[in-house]
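Below is one structure, written out as structure tokens; comments come after it.
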Amino acid sequence: PWLQSDYLVWRAVAGTPGVYVTYLLTGETWSVYENYDPPGSLCVSEPHVAWVDRPVATEEQTQVFHYRLDTGVVETIGTSEASSFRQLALQSPYLIWLKKMGPSWMIMRTNLEDGTEECLYMSELPMISVRMSGDDILLVTDNCPGSLERCWEANVFNVGSRVFTQLTHFGTG
């Protein structure tokens, strides 16, 4: 769950899975999004809420959704061919999200106020677990894709300088 100002934003995994909002001043709770499976990567930065899910109609594509607490509007931001753990980071007004298309993985940035979108960085290495702090985007890459062993490496991408830096060098195993 996320607590933002007077709102509690949470995802249900039992009953009717989905994204729900409770307005703490009145106790009113409403459903923002419901699906057969619990959504992932829920993040909040008022007035924005974002999450990832695989809707029934597009089983093969993961969709990134955006909801505004102030207007109640839900929209689809984009799609990815793969879903990854902690695929989103939200630092209002920017949504940072990971997208896979063909053999490429991309760090995408969407301005949730004006709808503009740009690819900040592209790689052939699988990317997961994106976080944002100021101009730095922290993430993990798998430097041994296709191997039975994993080589998870910590990285930082600086939005201002457009420099991608590998912070760790663990190797296989």
Does any non-hydrogen side-chain atom of [Y] lie less than 4.5 Å from one of [X]?
X	Y	answer
Thr168	Trp152	no
Trp105	Leu125	no
Tyr33	Asp53	yes
Tyr7	Thr22	no
Gln87	Ser80	yes
Leu112	His66	yes
Asn143	Gln166	yes

- Non-neighbouring partners of Thr16 that pass side chain to side chain donor-acceptor pair (under 3.5 Å), sequence neighbours left out: none
- Partners meeting side chain to side chain donor-acceptor pair (under 3.5 Å) with Ser45 (sequence neighbours left out): none
- Message: Could you work out, with side chain to side chain contact (heavy atoms under 4.5 Å, CB included) as the rule, every residue matching Thr79, not counting sequence neighbours?
- Response: Gln61, Gln63
- Val32: partners by side chain to side chain contact (heavy atoms under 4.5 Å, CB included), with sequence neighbours left out: Val19, Val21, Trp30, Trp51, Tyr67, Val74
[X]: which other cluster members, linking ILVMFWY side chains closer than 4.5 Å, directly or transitively?
X	answer
Val163	none
Leu167	Leu138, Val156
Leu8	Leu3, Trp10, Tyr20, Leu24

- Can Thr165 and Asn155 be said to form a side chain to side chain contact (heavy atoms under 4.5 Å, CB included), step by step? CA-CA 6 Å; Thr165 306; Asn155 306 274; over 6 Å; no
- Query: If every non-hydrogen atom of Phe65 is compared with every non-hydrogen atom of Thr76, which pair is closest and at what distance?
  - Reply: CE2-OG1, 3.6 Å
- Quick one: which residue pairs count as a side chain to side chain donor-acceptor pair (under 3.5 Å) with a foot in residues 130-139, not counting sequence neighbours? Asp136-Asn158
Distance in Å, [X] [atom1] paired with [Y] [atom2], rounded so as to fall on 0.5 Å steps:
X	Y	atom1	atom2	value
Thr116	Asn111	OG1	CG	4.5 Å
Glu117	Cys119	CD	SG	9.0 Å
Ser104	Tyr121	OG	OH	11.0 Å

For [X], salt bridge (Lys or Arg N to Asp or Glu O under 4.0 Å) partners two or more places apart:
X	result
Glu28	none
Glu113	Arg68
Arg11	none

- Query: Is it the case that one hydrophobic cluster holds both Leu25 and Val44, taking links as side-chain heavy atoms less than 4.5 Å apart, direct or via other members?
  - Reply: yes
- Message: Same cluster or not: Leu120 versus Met132, using hydrophobic residues (I, L, V, M, F, W, Y) connected whenever any side-chain heavy atoms lie under 4.5 Å apart?
- Response: yes
- Query: Does a side chain donor of either Glu153 or Thr141 reach within less than 3.5 Å of an acceptor in the other side chain?
  - Reply: no
Less than 3.5 Å apart, which donor and acceptor atoms pair up between the side chains of residues 88-100 and the rest of the protein, not counting sequence neighbours?
from	atom 1	to	atom 2	distance (Å)
Gln91	OE1	Gly134	N	3.4
Gln91	NE2	Gly134	O	3.3
Trp97	NE1	Thr110	OG1	3.0
Lys100	NZ	Gly102	O	2.4

